[in-house]
Amino acid sequence: AWGGNGSELLAPYLGELGHILDEPQSSQIRAPIVVILATSQPKPPQGAIAALAAHLDDEKNSAASTAVIVRSLVANSSADS
(Lines give C-alpha, C1' and ligand atoms only; values in the text may rest on other atoms or scores of the structure.)
Protein backbone atom coordinates (compact mmCIF):
# COMPACT_ATOMS: atom_id res chain seq x y z
CA ALA A 1 0.00 0.00 0.00
CA TRP A 2 1.16 3.50 -0.76
CA GLY A 3 2.11 5.36 2.41
CA GLY A 4 2.63 8.79 0.88
CA ASN A 5 1.14 12.10 1.83
CA GLY A 6 -2.01 12.80 -0.18
CA SER A 7 -2.15 16.37 1.06
CA GLU A 8 1.25 17.08 -0.48
CA LEU A 9 0.10 15.60 -3.79
CA LEU A 10 -3.06 17.70 -3.71
CA ALA A 11 -1.39 21.02 -2.85
CA PRO A 12 -0.36 22.03 -6.42
CA TYR A 13 -3.96 21.59 -7.61
CA LEU A 14 -5.81 23.48 -4.86
CA GLY A 15 -6.22 26.67 -6.88
CA GLU A 16 -7.59 24.84 -9.90
CA LEU A 17 -10.01 22.78 -7.81
CA GLY A 18 -11.21 25.91 -6.04
CA HIS A 19 -11.82 27.61 -9.40
CA ILE A 20 -13.84 24.63 -10.59
CA LEU A 21 -16.05 24.97 -7.51
CA ASP A 22 -16.57 28.63 -8.48
CA GLU A 23 -17.87 27.68 -11.93
CA PRO A 24 -21.65 27.74 -12.38
CA GLN A 25 -21.45 24.60 -14.53
CA SER A 26 -19.62 22.51 -11.90
CA SER A 27 -22.60 20.47 -10.69
CA GLN A 28 -21.43 17.14 -12.16
CA ILE A 29 -18.01 17.25 -10.52
CA ARG A 30 -18.72 19.37 -7.46
CA ALA A 31 -19.37 16.53 -4.99
CA PRO A 32 -16.21 14.55 -5.88
CA ILE A 33 -14.08 17.70 -5.57
CA VAL A 34 -15.59 18.47 -2.16
CA VAL A 35 -14.81 14.92 -1.00
CA ILE A 36 -11.23 15.10 -2.33
CA LEU A 37 -10.61 18.44 -0.62
CA ALA A 38 -12.27 17.38 2.64
CA THR A 39 -10.72 13.95 3.05
CA SER A 40 -7.13 14.43 1.97
CA GLN A 41 -4.82 12.48 4.30
CA PRO A 42 -3.19 12.76 6.70
CA LYS A 43 -4.91 16.14 7.00
CA PRO A 44 -6.35 18.47 4.34
CA PRO A 45 -4.00 21.35 3.48
CA GLN A 46 -5.00 24.80 4.72
CA GLY A 47 -5.79 25.81 1.13
CA ALA A 48 -8.34 23.00 0.93
CA ILE A 49 -9.92 24.05 4.22
CA ALA A 50 -10.08 27.66 2.98
CA ALA A 51 -11.72 26.57 -0.29
CA LEU A 52 -14.28 24.47 1.58
CA ALA A 53 -15.06 27.31 3.98
CA ALA A 54 -15.53 29.70 1.06
CA HIS A 55 -18.07 27.34 -0.50
CA LEU A 56 -19.93 26.27 2.65
CA ASP A 57 -23.07 28.26 1.90
CA ASP A 58 -23.17 27.75 -1.87
CA GLU A 59 -26.64 27.03 -3.17
CA LYS A 60 -25.02 24.57 -5.59
CA ASN A 61 -24.09 22.23 -2.73
CA SER A 62 -26.14 19.14 -2.14
CA ALA A 63 -27.07 18.34 1.46
CA ALA A 64 -24.44 15.59 1.42
CA SER A 65 -21.71 17.96 0.16
CA THR A 66 -22.61 20.52 2.81
CA ALA A 67 -22.37 17.81 5.48
CA VAL A 68 -18.93 16.73 4.20
CA ILE A 69 -17.73 20.35 4.27
CA VAL A 70 -19.03 20.93 7.80
CA ARG A 71 -17.45 17.72 9.11
CA SER A 72 -14.11 18.65 7.56
CA LEU A 73 -14.21 22.19 8.89
CA VAL A 74 -15.04 21.00 12.40
CA ALA A 75 -12.47 18.22 12.34
CA ASN A 76 -9.76 20.57 11.10
CA SER A 77 -10.62 23.68 13.10
CA SER A 78 -7.72 25.61 14.59
CA ALA A 79 -8.98 24.79 18.09
CA ASP A 80 -7.96 21.18 17.45
CA SER A 81 -4.46 22.09 16.28
Side-chain angles (χ1 to χ4, degrees):
W2 178 67
N5 186 328
S7 295
E8 288 178 4
L9 290 174
L10 181 62
Y13 306 100
L14 290 175
E16 187 173 338
L17 293 171
H19 289 304
I20 293 170
L21 290 177
D22 292 336
E23 294 293 322
Q25 308 299 332
S26 68
S27 62
Q28 293 293 323
I29 57 174
R30 183 174 197 78
I33 290 173
V34 166
V35 170
I36 289 167
L37 292 174
T39 62
S40 178
Q41 295 295 321
K43 177 178 174 178
Q46 282 303 315
I49 298 301
L52 292 170
H55 292 281
L56 177 59
D57 63 352
D58 283 358
E59 293 179 5
K60 296 178 280 186
N61 288 341
S62 66
S65 288
T66 300
V68 168
I69 293 171
V70 169
R71 278 192 297 267
S72 183
L73 294 176
V74 169
N76 295 288
S77 69
S78 59
D80 292 339
S81 301

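We use all heavy atoms of the structure for the numbers below, so side chains are in, but hydrogens, waters and symmetry mates are not.
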Distance-only check: which donor-acceptor pairs under 3.5 Å involve side-chain atoms of residues 10-25, not counting sequence neighbours?
unit_1: D22; atom_1: OD1; unit_2: H55; atom_2: NE2; d: 3.0

Exercise. Restricting to pairs with a member in residues 49-78, which pass salt bridge (charged side-chain N to carboxylate O under 4.0 Å, His left out), not counting sequence neighbours?
Worked result: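 Listed by first then second residue: R30-D58.
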Problem set entry | Residue pairs fulfilling salt bridge (charged side-chain N to carboxylate O under 4.0 Å, His left out) with at least one residue in residues 46-56, sequence neighbours excluded |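 Non-adjacent pairs meeting salt bridge (charged side-chain N to carboxylate O under 4.0 Å, His left out): zero.
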Exercise. If you take all heavy atoms of S72 and P44, which pair is closest and at what distance?
Worked result: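 Looking at all heavy atoms of both residues, the shortest contact is OG-CG, 4.2 Å.
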Exercise. Which pair of heavy atoms, one from P45 and one from S40, lies closest together, and at what distance?
Worked result: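 What the structure gives for the nearest pair is CD-OG, 4.0 Å.
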For this session: List in chain and number order the residues that pass side chain to side chain donor-acceptor pair (under 3.5 Å) with S62, two or more places apart in sequence or in another chain; answer none if no residue qualifies.
Result: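 Only S65 meet the side chain to side chain donor-acceptor pair (under 3.5 Å) criterion with S62.
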Problem set entry | Contacts of T66 that satisfy side chain to side chain contact (heavy atoms under 4.5 Å, CB included) - sequence neighbours left out |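 T66: side chain to side chain contact (heavy atoms under 4.5 Å, CB included) contacts with L56, N61, V70.
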